Amino acid sequence: MEVPKKQRDFFASQKTKDVAYRKKALKRLQKEILAREDDVCKALYADFKKPEFETLVAETQFVLAELKVMLKNMEFWARPERVSSILANWPSSDYLYREPYGTVLLIAPWNYPFQLVFAPLVGAVAAGNTVVVKPSELTPNTSQIITEIVAKVFEPGHVSVVEGGVEVSQQLLVQKWDYIFFTGSTKVGQIVYESAAKHLTPVTLELGGKNPCIVDDSASIKLTAKRIVWGKFLNAGQTCIASDYILVHRKVKAALIEALKKSIQDGFGDISQASDDYARIVNEKHHARLKTMLEGQDILFGGISDDTDNYLSPTLVDEPQMDSPLMEGEIFGPILPIIAYETEEDIDNHISHYGKPLATYIFSNRKSFQKKMLDKYSFGGGCINDTVIQISNKKLPFGGVGASGLGGYHGKASFEIFSNQKGIIKKANWFDAPLRYPPYKLPNKIVKMIKHLF
Ligand code: NAD
């Protein structure tokens with residue numbers, strides 16, 4: 001394959017070692033995204049009727065915010081960082097050098113097809129790597145605009161796009177890379193990890209999961225419902241960090257259901273298909289998959305679909321069986337199961353049934369309950385009394401743990417994951433302690449002293 005060689009040769013030219021060169025490229029990217037923002041909105045609308053507001057907030061402006069943080073700080077982050085020395089090496093000065101890995105393969109999914117290409121790309125370029133991007137084949141209009149933007153902004157060996165589906169992705173994965181950054185399903189993440197292991201290539205895996213949303217009996221119900229509905233039905237539920245299911249205390253279950261219904265109606269009207277603010281399912285296959293999940297379920301609200309439009313209305317499901325398809329894996333669509341609990345053991349039975357999720361949300365006005373849940377469960381990130389917004393703070397690394405992924409990025413964390421951290425000690429020559437050299441015939445007193453040097 002020609003592409004990785006081109007990127008490798010470009011990396012070998014040392015051009016990307018110059019931070020000013022990287023900065024100039026990122027500034028061109030910033031300018032181009034601003035210039036093409038309307039086209040990006042149109043592309044995402046053509047792909048799955050993504051509302052313009054959602055594209056601005058979660059795709060273009062999201063990437064522009066990432067660019068802003070990176071452009072402001074990358075020079076500083078790229079400098080060797082002085083760390084304190086240890087007495088045993090005296091006299092020395094010690095540093096952390098951050099160097100680019102080399103050539104990065106970046107594979108993206110379809111659900112936030114613009115953001116999930118450009119947010120990691122900004123980090124990879126800022127850290128000085130050359131990059132090959134493989135966007136999702138399921139959002140072809142966005143894939144095309146990504147290709148156009150990259151071709152206009154970057155020299156071909158610096159960043160280039162390879163469009164295509166699973167086969168293209170497989171061909172790319174056979175190659176040797178210096179780093180692989182993958183966003184997608186846990187199943188494909190395992191394939192990527194296996195391919196990377198063959199060459200001992202380091203990876204970041206941004207995967208999915210079954211994200212619980214716990215609502216205890218002290219929660220502010222109306223606000224809780226509003227915030228759950230917003231985070232769940234944004235992008236028609238096709239968000240990796242959306243609540244997958246609700247665990248609600250039995251005492252407040254009925255009130256929460258009523259509040260959820262009202263919030264859905266307030267947001268999308270009586271017919272969400274007619275709302276400009278509600279996206280579609282990405283394709284027929286995923287639409288059919290979601291409809292199958294609803295078979296045999298007790299639908300409390302919604303459940304309306306239209307095959308001609310890949311439309312599925314915001315849907316609430318009551319108490320699904322744990323072994324039903326709806327509860328087997330990640331839903332990744334606008335279906336929200338609601339399950340009552342009475343004891344903390346009930347919560348545990350559900351959460352422990354799945355691998356570590358990408359996100360967990362806790363709605364409670366009780367600090368002790370919030371703390372208990374945070375301390376007890378391991379997950380990528382989350383919120384107390386809100387959903388999804390943990391992704392927006394560039395100071396919080398974003399990523400999963402265990403089954404939901406490996407490694408976190410955004411802001412400084414992005415710069416760091418795309419950099420190899422080299423520890424360097426610069427030793428002075430004016431003094432050379434004789435003790436470390438053989439023969440090691442030292443008096444006991446000195447041996448004792450040495451133990452305190454480390
Ligand atoms: P996917 O895993 O099917 O595809 C992701 C990418 O991998 C695509 O570019 C695709 O072409 C490629 N691919 C698919 N099958 C492959 C194979 N067998 N071998 C090699 N490459 C292959 O995921 P998707 O359907 O595009 O996206 C949805 C998933 O992504 C969900 O599970 C969601 O939770 C997850 N996701 C995670 C994050 C995150 O940040 N953690 C963000 C968005 C989506």
Side-chain angles (χ1 to χ4, degrees), residues 47-48 50 58-59 62 66 105-120 123 132-140 142-143 146-147 161-175 177 180-196 198 203-211 231-232 234-244 281-283 285-287 289-290 328-333 354-360 379-382 388 390-392 396-410 413-414 417:
D47 281 331
F48 59 107
K50 184 157 176 140
E59 308 269 1
F62 188 98
E66 186 72 19
L105 172 63
L106 200 160
I107 302 179
W110 54 265
N111 64 326
Y112 288 82
F114 189 85
Q115 182 213 124
L116 295 171
V117 161
F118 284 108
V132 173
V133 173
K134 211 296 279 172
S136 174
E137 68 280 19
L138 303 192
T139 39
T142 312
S143 179
I146 289 169
T147 307
V161 177
V162 178
E163 287 188 278
V166 177
E167 270 172 32
V168 168
S169 193
Q170 285 165 339
Q171 283 165 20
L172 288 167
L173 284 168
V174 171
Q175 312 288 317
W177 302 91
I180 300 177
F181 187 101
F182 171 80
T183 308
S185 60
T186 299
K187 197 179 95 207
V188 180
Q190 285 168 331
I191 297 172
V192 171
Y193 209 4
E194 268 178 41
S195 315
K198 288 194 185 115
V203 292
T204 296
L205 301 173
E206 297 285 336
L207 312 177
K210 209 154 172 72
N211 306 321
K232 175 68 185 183
L234 175 80
N235 216 35
Q238 302 162 112
T239 302
C240 56
I241 48 172
S243 307
D244 191 280
I281 306 306
V282 72
N283 62 18
K285 197 174 134 216
H286 281 282
H287 189 247
R289 174 183 68 81
L290 291 163
E328 257 170 14
E330 184 184 26
I331 296 172
F332 217 61
Y354 305 104
K356 293 178 184 178
L358 184 59
T360 291
F379 51 90
V388 172
Q390 73 272 23
I391 198 172
S392 59
L396 298 175
F398 176 79
V401 56
S404 58
L406 185 67
Y409 73 122
H410 290 164
S414 273
I417 58 155

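If you're wondering where the values come from, they're calculated on a predicted model, not measured in any experiment. For the single chain, residues carry numbers from 1 onward in sequence order. For ligands, and for the atoms within them, numbers begin at 1 and follow the listed sequence.
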Practice task
Run the contact test for A108 against ligand 1 with a 4.0 Å cut-off on heavy atoms, strictly below, and give the result.
Solution key: yes

Handout entry: Under 3.5 Å: donor-acceptor pair, side chain of K210, backbone of G329
Key = yes

Practice task
Report the distance from atom CG of L396 to atom NE2 of H410, rounding to the nearest 0.5 Å.
Solution key: 10.5 Å

Handout entry: For I191, atoms of ligand 1 separated by under 4.0 Å from a heavy atom
Key = 18 (N)

Practice task
To the nearest 0.5 angstrom, please state how far the OG atom of S243 sits from the NZ atom of K232.
Solution key: 7.0 Å

Problem - Nearest protein heavy atom with distance in Å, relative to atom 7 (O) of ligand 1 - result: F182 CE1, 3.4 Å

Exercise for the section: Please confirm whether K134 comes within less than 3.5 Å of ligand 1 when only nitrogen or oxygen atoms on both sides are compared. Expected result: yes

Exercise for the section: Report yes if the distance between the aromatic ring centroids of Y112 and F62 is under 6.0 Å, otherwise no. Expected result: no

Exercise for the section: State if Y112 counts as touching ligand 1 under the rule of any non-hydrogen atom under 4.0 Å. Expected result: no

Handout entry: Gap between atom CZ of F332 and atom CZ of R289 - 0.5 Å precision
Key = 8.0 Å

Exercise for the section: State, yes or no, whether a side-chain contact exists between F181 and E206 at a heavy-atom distance under 4.5 Å. Expected result: yes

Practice task
Answer yes or no: does an N/O atom from S404 fall short of 3.5 Å to an N/O atom of ligand 1?
Solution key: no

Problem - Residue from I107, V188, V162 passing side-chain contact (heavy atoms from CB on, under 4.5 Å) with S169 - result: I107

Practice task
Taking the side chain as every heavy atom from C-beta outward, state whether L205 and Q190 have any atom pair closer than 4.5 Å.
Solution key: no

Handout entry: Heteroatom distance test (E137, ligand 1): nitrogen or oxygen, under 3.5 angstrom
Key = yes

Exercise for the section: Quick one: look up the protein heavy atom nearest atom 17 (C) of ligand 1 and list residue, atom name and how far away it is. Expected result: V166 CG1, 3.5 Å

Completion exercise
If we number the atoms of ligand 1 from 1 as shown, the ones under 4.0 Å from a heavy atom of L116 are 42 (C), 43 (C)

Handout entry: Contact (N/O only, under 3.5 Å) between S185 and ligand 1
Key = yes

Completion exercise
The option among V188, N211, V168, L106 carrying the non-hydrogen atom nearest to atom 15 (N) of ligand 1 is V188

Exercise for the section: Flag S169 as yes when one of its N or O atoms lies below 3.5 Å from any N or O atom of ligand 1, and as no otherwise. Expected result: yes

Exercise for the section: Give the residue, atom name and distance (to 0.1 Å) of the protein heavy atom nearest atom 41 (N) of ligand 1. Expected result: L207 O, 2.7 Å

Practice task
Could you tell me the residue and atom name of the protein heavy atom closest to atom 35 (C) of ligand 1, and the distance to it rounded to 0.1 Å?
Solution key: G184 O, 3.2 Å

Exercise for the section: Considering the heavy atoms of N111, write down every atom of ligand 1 situated less than 4.0 Å from one of them. Expected result: 43 (C), 44 (C)

Fill in the blank from the handout: atom 42 (C) of ligand 1 sits nearest the protein heavy atom C240 SG, 3.0 Å

Handout entry: For atom 26 (O) of ligand 1, the protein heavy atom that lies nearest, with its residue and separation
Key = W110 CD1, 2.9 Å

Handout entry: Check: E330 N/O within less than 3.5 Å of ligand 1 N/O
Key = yes

Problem - ligand 1 atoms in contact with L173 (distance to a heavy atom under 4.0 Å) - result: 20 (C)

Practice task
Look only at interatomic distance and state if G209 has a nitrogen or oxygen under 3.5 Å from any nitrogen or oxygen of ligand 1.
Solution key: no

Handout entry: Residue, atom name and distance, where the atom is the protein heavy atom closest to atom 19 (N) of ligand 1
Key = Q170 CG, 3.7 Å

Handout entry: Non-hydrogen protein atom less than 4.0 angstrom from atom 4 (O) of ligand 1
Key = no

Exercise for the section: Provide the number and element of each atom of ligand 1 under 4.0 Å from a heavy atom of E206. Expected result: 37 (C), 38 (C), 39 (C), 40 (O), 41 (N)

Practice task
Before giving the answer on side-chain contact (heavy atoms from CB on, under 4.5 Å), spell out for L406 and Y193 the whole-Å C-alpha distance, their side-chain angles and the decisive distance to 0.1 Å.
Solution key: CA-CA 10 Å; L406 185 67; Y193 209 4; 3.5 Å; yes

Handout entry: Exam field: side chain E330 to backbone G208, donor-acceptor pair closer than 3.5 Å
Key = no

Completion exercise
To the nearest 0.5 Å, atom CD of Q171 lies from atom NZ of K134 at 11.0 Å

Handout entry: Numbering as shown, the atoms of ligand 1 that approach I107 to under 4.0 Å (heavy-atom distance)
Key = 6 (C), 7 (O), 9 (O)

Completion exercise
Nearest non-hydrogen protein atom to atom 27 (O) of ligand 1, with distance, is P109 CB, 3.3 Å

Handout entry: Atoms in ligand 1 with a heavy atom of F398 nearer than 4.0 Å
Key = 40 (O)

Handout entry: Q238 side chain to V282 backbone, donor-acceptor under 3.5 Å
Key = yes

Fill in the blank from the handout: A student checking ligand 1 against F332 at a 4.0 Å heavy-atom cut-off should list atoms 28 (C), 31 (C), 33 (C), 34 (O)

Practice task
Taking the six-membered ring for Trp and the full ring for Phe, Tyr or His, determine whether the centres of F48 and H287 are under 6.0 Å apart.
Solution key: no

Handout entry: Closest heavy-atom pair and its distance - S143, S136
Key = CB-O, 3.9 Å

Problem - Any donor-acceptor pair under 3.5 Å from N211 side chain to L358 backbone - result: yes

Exercise for the section: May I ask you to decide if K356's main-chain N or O and S404's side chain share a donor-acceptor pair within less than 3.5 Å? Expected result: yes

